[in-house]
Amino acid sequence: HLATSLPLPSERDHLRPRIDLIVFMIDIKSKYSLKNVEASLAHVDASFFLGKVCFLVTGVGRVNYCSIDTNAICKLGEAYCSPVLFCELELEGIRVATAQRLLRMLQICAGLVPGVSALSFGLLMRKSADD
Amino acid sequence: MDETVAEYIRRTVLKIPRDEIKMMLQKWGFLSEAQLQTLNFHQVKDNISQDVVQLCEENSADIKQAAVLDIIYNHTYHNKRMWSVYQMKKTGEELEYFDLTDFKKKFKKRLRSALKNVTITFREYEDNAIWIRVAWGTPSRKPNQYKPSYVVYHSQTPYAFISASVLKSNLPLLCQALVVASNYHDIREMELRSHSLNSLKDIVFKRYSQNFQTYCPKPLQEKNVEPENVDLRIVQENRSEKERIQRVNQEVFGDGPQPILEFAHYRLETMFKSDPKMDILDKKEPFRCLVKFSSPHLLESLKSLAPAGMADAPLSPLLTCIPQKARNYFRIREKKGLFPETFVSP
């Protein structure tokens, strides 16, 4: 499900399945995108932040057009206890690899991988980021 | 043939892309078809230009003919120059019949009375456009052919498009001659500039697609959706918002192609508003600031901002009023009396 911001329109509530993973996409070239994500975060129930939220930063390939400080985004990830992934959508290889990573995360968050829960996976991601 | 004329023709031909040289020489019409047949257009441009000069020598070209070739070049490649728009005013409503010969005579007379050394060339085109090329000199120097000014005047309208040369001091004289020759009484420069002459014409002649205020209660459901690969596994949660943005965009920008402008300048002369506690700029002076938007196609990029998710729709009227107001240079002053002083000293 693609949405431009939260909260989701209520008229489609009955058509929506259970939400397993929320990926917030931030375009590093647009401050507006970061503001939008920060505003939308307020509408997310706290239980999602136990491993079911992830930040995806796009456009990192074009270094000259960065409008957002990566530190700010990393701090956002820390504040919400959620992993931050960086990618460049314009390159097919990275696009595919990122999609595969997200898919794997989704499988875990949906409980389809036995022995690994969303929370434990989230902790794993955090530990490796701190190293 | 004069050395300077030969050099000027040679340099003009060198500017033309090789594939276009033959066509442009044909438009010029100074060399006969037989002469053009003798030219080899597949050799290096340097050699082509030398051959052309040779032929012009045979025909004894003078600066007048060379100037015509220059006009033809600039008419074809008008996007290489920066054009400003001027609007003329008449006192009364008398519709005078436009006489081209009279116009040319008066124009030349006016310029020559002020400045002896000028080269003035006219060329008419289909859409009532009169192209005027003026090369400027001084009382002691011959006209500089490499820095001419161009005026495109549409005789049925009060508009003239001027691409001044670097020598801006001649601009008032040029404007004066134009006003006198066309029987107007005043001329003013509009705050509208661009490289694309046709887009400027579209804006002032209102030829671009404007938003007509038609009452459309709901977006037409049968509107043809872009034939993108609609993957049924992707659900767009904000479809109605996307459609609203499209609708607002269409109302503001219309359906057709936008005129091409390269920039918009906003000169701010407003007061700096800050938290009174922060005590920045305690002098109550306007904060001078220039905001410039530039793009290869400014209006088209503004139109795509909201659908791309980079801005809210509707956009600020300061941006969207550009074609309607026919200006891309703005001065923003403080709104007087609307917002009274808010900080009160204790």
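Letters go in sequence order (proteins before strands), and every chain restarts at 1.
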Around atom [atom1] of [X], are there more than 12 heavy atoms from other residues, nucleotides or ligands closer than 6.0 Å?
| X | atom1 | value |
| --- | --- | --- |
| Arg244(B) | CZ | yes |
| Lys31(A) | NZ | no |
| Lys45(B) | NZ | yes |

Q) Between Thr4(A) and chain B, which part of the residue has a heavy atom less than 4.5 Å away: side chain, backbone, both or neither? A) both
Q | Qualifying side-chain hydrogen bond (donor to acceptor under 3.5 Å, both in side chains) pairs with a residue from residues 42-57 of chain A, counting only residues at least two apart or across chains | A | Asp45(A)-Ser47(A)
Q.
How long is the straight-line distance from CG of Asn238(B) back to CG of Leu8(A), given to the nearest 0.5 Å?
A. 7.0 Å
Q | Minimum-distance pair of heavy atoms, taken over all atoms of Glu237(B) and Ala3(A) | A | CB-CB, 3.9 Å
Q. Going by heavy atoms in the side chains, are Leu2(A) and Ile234(B) under 4.5 Å from each other?
A. yes
